[in-house]
Amino acid sequence: MARSYLGNHPNPAERWEQFVFNPPPLIAFDTETISLRDRTLLGVGASIGTESFYVTTDDEWFHYFLRLLQDQSIDKIYHNCMFDLRVLRKYKVDYINIEDTAVMCHILGIPAVLEEAALLHTDTVVESAKSFLARLGCKDMSQAPVEEVAHKCQIDAEATWKLYQALKYKVPQGYYQVERQIIPMLETISQKGIKIDQQRHKELSEWYTREYSYYKSLADGMGFNPGSTQQVGYILARRKNFLPLTRSRKSISTDKSVLKKLQDPVAQLVLLYRQTQTIRSNFLIPLNGLSRAYTTLHMDAITGRISSTDAGDSEPDRNLQNIPRKADMPGAPPVRSMFVPDGKYLTKMDANQIELRVLAHLSNDSHMKSVYLDPDGDIHSETSRGLGIPRDAAKTFNFAMIYGAEVYTLSDRTGIADLKQVAAYRRLWMETYPEAARWMIIQQEEGLRNGYVETLMGRKMMLPVELGEKHCRNCAVNWPVQGTAAEIFKLVMLECRSMIDAIRLQIHDELLDEGDQELPSGLADVSSVHVPMQVDYKVERWY
DNA sequence: AATCATTGCCC
DNA sequence: GTACGGGCAATGATTC
């Protein structure tokens, strides 16, 4: 049991009373847990910059702190709130009126680690948890002396408060408000989860396990572990297959694109083994016996996309943004088919060709824009006609271009082997969409000169110079496109706030909703980029 | 036990 | 001679 005060007031006991019974309207909070894995809450710190408080969970004053955390009228600052909100979930704290300094850092393109951000933008020196534990010779926070933990927590909360003050006038307000309002939506979706059809899960498990066991037994019989890239490389090489080296040149490359090209049945066996193993270990075993699947959504990607992850604590939780979209083994049941509505139906919506629409807008390419003027406009078909290649190849081409792909990659992805021919197509693409091509070049040059690029709403993204010029050039083109698409989709999500309890999944440009949803009108024009929504109603399973 | 390297799923 | 952008996670190999 402990309570601590850090500040200049002569009477801490009195200050404590004032603070909890007559709280200020803006408070920074920080939670301390045993470790990242064991998120048992030890205590909570609060700060208003000049003064900081800390209370352990077993202290009688803890519930007064909870009241502050639950109070919607108090504006609560966290640094990376998704962590704290998850820790505090069982206490039903408020997650509407939240500020997040880590989110601010990401918008501004500055380091978002508290130690670094506090050092650069406030006069507070913050110690990382790792060095704190090393200094005290403890293996986790529960071993550390409570005064030390209290002090660290108070300093962290203080740094958060000061960081907020330092950044609030620097951050583009409109953008920050969008991000800020997205936070409660992410928390709601994370808490709600999506229903799993256990019967279907069982069928999938049986199917994939049967296949998996078969391929494994064949490999066992041949005396190698198909899960070991080293052994696969060795055995295939011994069977006189030619295999390239991996990028690091440390081992033999045996990835899918390499194995696919081989005639050797052993290569095909490895592919089948991997497919079944991947699905089992990523999507079936972790969801075994669960009636719902949960994830934790975050907003810490460079471009502003939302990411989905396993929070890493004891709760069953996983990435729900990488579920296989279709089964590519003959006769295999699709993984998505086990995700079902709570009621009868799901509603699926996705932002139609959002990234290419964004490219058209950012580059002001007249040809691209004219395609999208038509409500049924399809840029891939247009490219297909323009270059005289199949639509599939054109689609690959269009996407690869916004990733900065060069001739060799384009050839690999489109399956057009003739490099001279692909180079000609590439030039033709740039002639077909001349302003887009020019925009890409300007992005690269300006990005390299400035060291950063920006999205439409003003998110600043520092280019990773340490990864080399070529990589930076690609990022300079792709990041504004991806980032702008992400912020437009956030605006779409905000428009859908009224149906927040129905939203089950967000997969970048797609929402999966519970029930027969009547979508808000005007979704296509929440930003200056016109992006029509494509909606599927009355969906009984995700697949 | 922790970290690196490889692989593979999503948009 | 040649990197296609952003994510997360599992597994085996290597290092400590």
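To find a chain, count down the sequence lines: A is the first, B the second, and so on, and within it residues start at 1.
Backbone-only engagement by A:Arg249 is indicated by non-hydrogen atom pairs under 4.0 Å involving sugar-phosphate atoms exclusively. If you check every strand for non-hydrogen atoms under 4.0 Å, A:Ile279 touches nothing.
Put simply, CZ on A:Arg280 is 16 Å from P on B:dC9, counting in whole angstrom units. Look at CD on A:Gln277: it is 12 Å from C1' on C:dA9, rounded to the nearest Å. Between the C1' atom of B:dA5 and the CG atom of A:Leu245 lies a distance of 14 Å, rounded to the nearest Å. Separating the OH atom of A:Tyr408 from the C1' atom of C:dG1 is a distance of 12 Å, rounded to the nearest angstrom. Across the protein-nucleic acid pair, A:Arg336 atom CZ and B:dC10 atom P stand 7 Å apart, rounded to whole Å. When the P atom of B:dC10 is taken as reference, atom CD1 of A:Ile507 falls 11 Å away, rounded to whole Å. Atom CD of A:Gln230 is separated from atom C1' of C:dG12 by 8 Å (rounded to the nearest Å). Rounded to whole Å, the distance from NZ on A:Lys139 to P on B:dA2 is 11 Å.
Mapping A:Leu419 and A:Gln482 onto DNA chain C via the closest heavy atom, the residue that lands nearer the 5' end is A:Leu419.
A side-chain contact (heavy atoms from CB on, under 4.5 Å) with A:Arg274 holds for exactly one of A:Thr229, A:Leu269, A:Ile279; it is A:Thr229. For the side-chain contact (heavy atoms from CB on, under 4.5 Å) with A:Leu186, the lone residue among A:Met299, A:His298, A:Gln191 that qualifies is A:Met299.
Figure legend: A:Arg280 and A:Tyr208 shown without cation-pi pairing, the cationic atom not lying both under 6.0 angstrom from the six-membered ring centre and within 45 degrees of its axis.
Side-chain contact between A:Gln482 and A:Glu355: present, with at least one pair of heavy atoms (C-beta onward) separated by less than 4.5 Å. Within the 4.5 Å cutoff, no side-chain heavy atoms of A:His106 are placed close to those of A:Glu179.
Contact of A:Arg325 with B:dC11 (side chain to base): no donor-acceptor pair of N or O atoms is detected under 3.5 Å.
Under 4.0 angstrom from either OP1 or OP2 of C:dA13 there lies no side-chain N or O belonging to A:Thr229. One finds a side-chain N or O of A:Asn225 lying less than 4.0 angstrom from the OP1 or OP2 phosphate oxygen of C:dG12. OP1 or OP2 of C:dG7 has not a single side-chain nitrogen or oxygen of A:Thr303 nearer than 4.0 Å. One finds a side-chain N or O of A:Lys250 lying less than 4.0 angstrom from the OP1 or OP2 phosphate oxygen of B:dA5. Between A:Thr246 and B:dT6, a side-chain N or O to OP1/OP2 separation shorter than 4.0 Å is present. For B:dC9, neither phosphate oxygen OP1 nor OP2 lies less than 4.0 angstrom from any side-chain nitrogen or oxygen of A:Lys326. Note on A:Asn282: every side-chain N or O is 4.0 Å or more away from OP1 and OP2 of C:dA10. Between A:Ser248 and B:dT6, a side-chain N or O to OP1/OP2 separation shorter than 4.0 Å is present. Contact check, A:His471 against C:dG5: a side-chain N or O comes under 4.0 Å of OP1 or OP2.
Residue A:Arg305 has its side chain nearest to C:dG6 when only B:dC10, C:dG6, C:dA9 are considered. For A:Asn322, counting side-chain heavy atoms from C-beta on, the closest listed nucleotide (C:dG5, B:dT7, C:dG7) is C:dG7. Comparing C:dG7, B:dG8, C:dA9 by their nearest atom to the side chain of A:Thr309 picks out C:dA9. Each of C:dC8, C:dT11, B:dT6 was ranked by its minimum atom distance to the side chain of A:Ser281; first place goes to C:dT11. Here B:dG8 is the nucleotide among C:dA10, B:dG8, B:dA5 with the atom lying nearest to any side-chain atom of A:Arg274. Distance from the side chain of A:Asn319 is smallest for C:dA9 among the nucleotides C:dA9, B:dC11, C:dG5. Side-chain proximity of A:Ser253 to C:dC8, B:dT7, B:dC11: nearest is B:dT7. With distances taken from any side-chain atom of A:Ser307 to the nucleotides C:dC8, C:dA13, C:dG6, the minimum falls on C:dC8.
Scanning both residues, A:His471 and A:Pro464, for their nearest heavy atoms gives CD2-CG, 3.7 Å.
Within the model, atoms NZ of A:Lys348 and CG of A:Asp536 stand 5.0 Å from one another, a figure rounded to the nearest 0.5 Å.
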